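These notes concern the structure reproduced below.
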There are 2 protein chains.
Amino acid sequence: MPKNIYFTPGPSALYFTVEEHMRSALRQQIPSISHRSRQFSYIYEETVAHLRALTDLPDDYQVFFTASATEIWERLLQSCVIEDSLHLVNGAFSRRFYNMAAQLGKSAQMFEVPDGGVVLPAALNTNIPPELIAITHNETSTGVQQPLAHLKEIREKFPDAITTIDVVSSFPLVELPFEYIDSAYFSVQKCFGLPAGLGVWIINQKTIDRALKLAEQTNTAHHGIASLWQKYQTYQTPVTPNVLSIFLLNKVLKDMIDKGIGRLRMEGKYKAALIYQLMESHENLKPFVSNPDWRSQTVLVGDTGGRTEQIIQKLATQGIVLGSGYGSHKKNHIRIANFPTHSKEQMELLVDKLTTIYEG
Amino acid sequence: MPKNIYFTPGPSALYFTVEEHMRSALRQQIPSISHRSRQFSYIYEETVAHLRALTDLPDDYQVFFTASATEIWERLLQSCVIEDSLHLVNGAFSRRFYNMAAQLGKSAQMFEVPDGGVVLPAALNTNIPPELIAITHNETSTGVQQPLAHLKEIREKFPDAITTIDVVSSFPLVELPFEYIDSAYFSVQKCFGLPAGLGVWIINQKTIDRALKLAEQTNTAHHGIASLWQKYQTYQTPVTPNVLSIFLLNKVLKDMIDKGIGRLRMEGKYKAALIYQLMESHENLKPFVSNPDWRSQTVLVGDTGGRTEQIIQKLATQGIVLGSGYGSHKKNHIRIANFPTHSKEQMELLVDKLTTIYEG
């Protein structure tokens, strides 16, 4: 049976080299090595070095591993917030981070816009200086993207806050201005095309210092920044990590370095343009995000006017898997992942197939 | 290069069918399927059915997935304990669970014995009825095993407590008396021979009901029993799970059912007897746990009198990897995993090699 092409926005298609790296991991018996061995520490250290090289990560930023990006939300709140977090909510995932803060008993403030929009920095009026600001760069639920220029404005407004950015479904294609960000995080099953089961947390010294100070005052959470930081000194983790996934991430990072981040980003823009162009030329499949500057380059969302199920089923019979809308948009949106593993040829094929559906 | 035989007590050797199942997972594109799809729910449901069939799990017990067994400690404390937990501490891992309770601000009580011993039920004198009792069946750090007969006594002493048992490195070879246990948990990188990155939590209705009641009163944790239970209704998980690992667990469970749990347990006993017999016949490699009734059948620990490094290095040159002692026992213990994937032939080979080392 021929394989499907998964354009779902995570889990998505595996990065095209993953199967070979999986075979290599089994040959090298990576799943059997101890996470307290030098062999594991070396893999961890090299993975950080590769991430640094690929994305120009400054020396001041370190890299922790968790089970998921959702876990990072929880550990950020537990490790960095006594009282007040501030959330820019523009979709289901940024709202879930806010809900978690409320659930954990924080005085969380939310600034919200309807789906498809972004919270403008000017709207962030508060008398309570937040300890943490939660920004979602790329809302996987609706395909809206917070312009990077806003980060500078937000930093200037709240210089003391720990500014965090969710780049779950946009990193490493987004070029982050690290000077305005203290913490960024992603999951490996999006742009990196790996099996789910690993969250990656980029964190600067300011965030670590804040957490260490807070850990002295309160009942610190298990698996918080303090314990991750302590074990990081020897490139280890407080709990048994997903060693296989870290190994695979390391290998895919190397492949991406060899290909060149510039080329990956350029190809991403080209493929996104193909899809948005198609959407703009069809009345019945318009881009959900109306402002072109706010449109995601990695999760491309179209409004089908209720024809989602029909389109998805038609493509499924041809081995092409798209994402349906998220939550209340289930029947009205299609979501198309545009990750590094999706080739130009695959995206052109998808455009052809969608054109045939729309033009008969 | 020939492969090593890993006798390390987790991560350990992969179960001998895992590589084939990994290939099958890639062929079926399991890492790309959505965790909200029927395909995933079916895998989850079947995994529960297989676990039920293999281990005679009563209908009243359900199965949740987390990132690790360590995470289950945390979620148990957050979901089931307002104030008081009681911990039977007989090694590094049971102590770590106790420490976590203290760290999370609980009034944790500890009953402790020196390494190599077990806490007897009669010793559990307390005026504070605990909400949760933490028992470690098999201490991976020292190879001591709590006799199952104690579970009945503990239940009779504290009938209202949630009785939890850590079977991280003994399940499914241990035949659990579920009538005296409310919650049991393990990680897949021990007896199931899978890559690390998944915790499995067996939980009964009493525990779920307790957690739901507590969730109404307090700030519930993210990823606690309440949210796991809610998503379990449709065999889903609150966060993106390690789908690949759940798929592999499902397949290995089926392989174990086909082989027969009785046969697995019998082979386990035979292989343990081989090693303990060897240890008892050599002055310089005696079993660390002196009481034969308290000796683990799955993590076999010998006292080398300081020769650990020498033995481990000698075997390593022959492609055999043993575990060193844990923590303060590093230089004086060897730890030998006796999991279902370790064949009788491999264990006999190990006995031969150790005999050669000891007898020249």
Side-chain angles (χ1 to χ4, degrees), chain A residues 1 3-6 8 10-14 18-19 22-23 25-35 37 66-71 73-74 77-78 99-100 102-106 187 189 193-199 218-223 227 238-245 321 323, chain B residues 1 3-6 8 10-14 18-19 22-23 25-35 37 66-71 73-74 77-78 99-100 102-106 187 189 193-199 218-223 227 238-245 321 323:
Chain A
M1 212 179 100
K3 288 195 172 180
N4 287 328
I5 306 175
Y6 281 88
T8 41
S12 192
L14 289 181
V18 166
E19 289 205 29
M22 191 84 91
R23 280 192 289 273
L26 291 173
R27 265 197 313 273
Q28 294 178 56
Q29 299 182 282
I30 296 298
S32 296
I33 69 170
S34 166
H35 52 289
S37 65
T66 65
S68 63
T70 315
E71 189 189 355
W73 290 345
E74 180 184 24
L77 291 165
Q78 291 169 331
N99 286 340
M100 191 191 285
Q103 195 187 20
L104 292 175
K106 311 297 178 189
S187 337
Q189 73 270 24
L194 292 172
L198 187 71
T218 61
N219 291 320
T220 56
H222 155 71
H223 216 221
S227 65
V239 304
T240 314
N242 191 333
V243 177
L244 177 60
S245 193
V321 188
Chain B
M1 212 180 98
K3 287 193 173 180
N4 287 328
I5 306 175
Y6 280 88
T8 41
S12 192
L14 289 181
V18 166
E19 290 205 28
M22 192 84 91
R23 279 191 288 273
L26 292 173
R27 264 196 314 273
Q28 293 177 57
Q29 298 181 283
I30 296 297
S32 296
I33 69 170
S34 167
H35 53 290
S37 66
T66 65
S68 64
T70 314
E71 189 189 355
W73 290 344
E74 180 184 25
L77 291 164
Q78 292 168 331
N99 287 340
M100 192 192 285
Q103 195 187 21
L104 292 175
K106 312 296 178 189
S187 338
Q189 74 270 25
L194 293 172
L198 187 71
T218 61
N219 290 320
T220 56
H222 155 71
H223 216 223
S227 64
V239 304
T240 314
N242 191 331
V243 177
L244 177 59
S245 194
V321 189

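Predicted, not measured: the structure shown is a model, and the values here were computed from it. Just so we're on the same page: letters track the sequence lines, and every chain starts at 1.
- The greatest number of non-hydrogen atom pairs below 4.5 Å with chain A, out of B:T8, B:V243, B:T70, B:L198, is found for B:T70.
- Highest contact tally toward chain A, considering only B:G10, B:A67, B:G197, B:G105, is held by B:G105 [criterion: heavy-atom pairs under 4.5 Å].
- For a residue to count as touching a neighbouring chain, one of its non-hydrogen atoms must lie under 4.5 Å from one of that chain's; by this rule B:S12 touches chain A with the backbone only.
- Inter-residue side-chain proximity for B:R23 and A:L26 is flagged as unmet; no heavy-atom pair is nearer than 4.5 Å.
- Remark: B:E71 pairs with B:R75, B:H223 by the side chain to side chain donor-acceptor pair (under 3.5 Å) rule, at least two apart or across chains.
- Considering only heavy-atom pairs separated by less than 4.5 Å from chain A, the leading option among B:N4, B:L244, B:V239 is B:N4.
- Interface summary for chain A: among B:L77, B:I33, B:T66, B:N99, the most heavy-atom pairs under 4.5 angstrom belong to B:I33.
- Neither the backbone nor the side chain of A:Q28 comes within less than 4.5 Å of any heavy atom in chain B.
- Every residue was checked against the side chain to side chain donor-acceptor pair (under 3.5 Å) condition with B:Q29, not counting sequence neighbours, and none meets it.
- A distance of 8.5 Å separates NZ of B:K3 from OG of A:S32, quoted to the nearest 0.5 Å.
- Contact of A:L14 with chain B is made through backbone and side chain together, with heavy-atom distances under 4.5 Å.
- The heavy-atom pair separating B:P241 from A:A196 by the smallest distance is O-CB, 3.5 Å.
- Of all the heavy atoms in B:Q78 and A:E74, the pair that sits closest is NE2-OE2, 4.5 Å.
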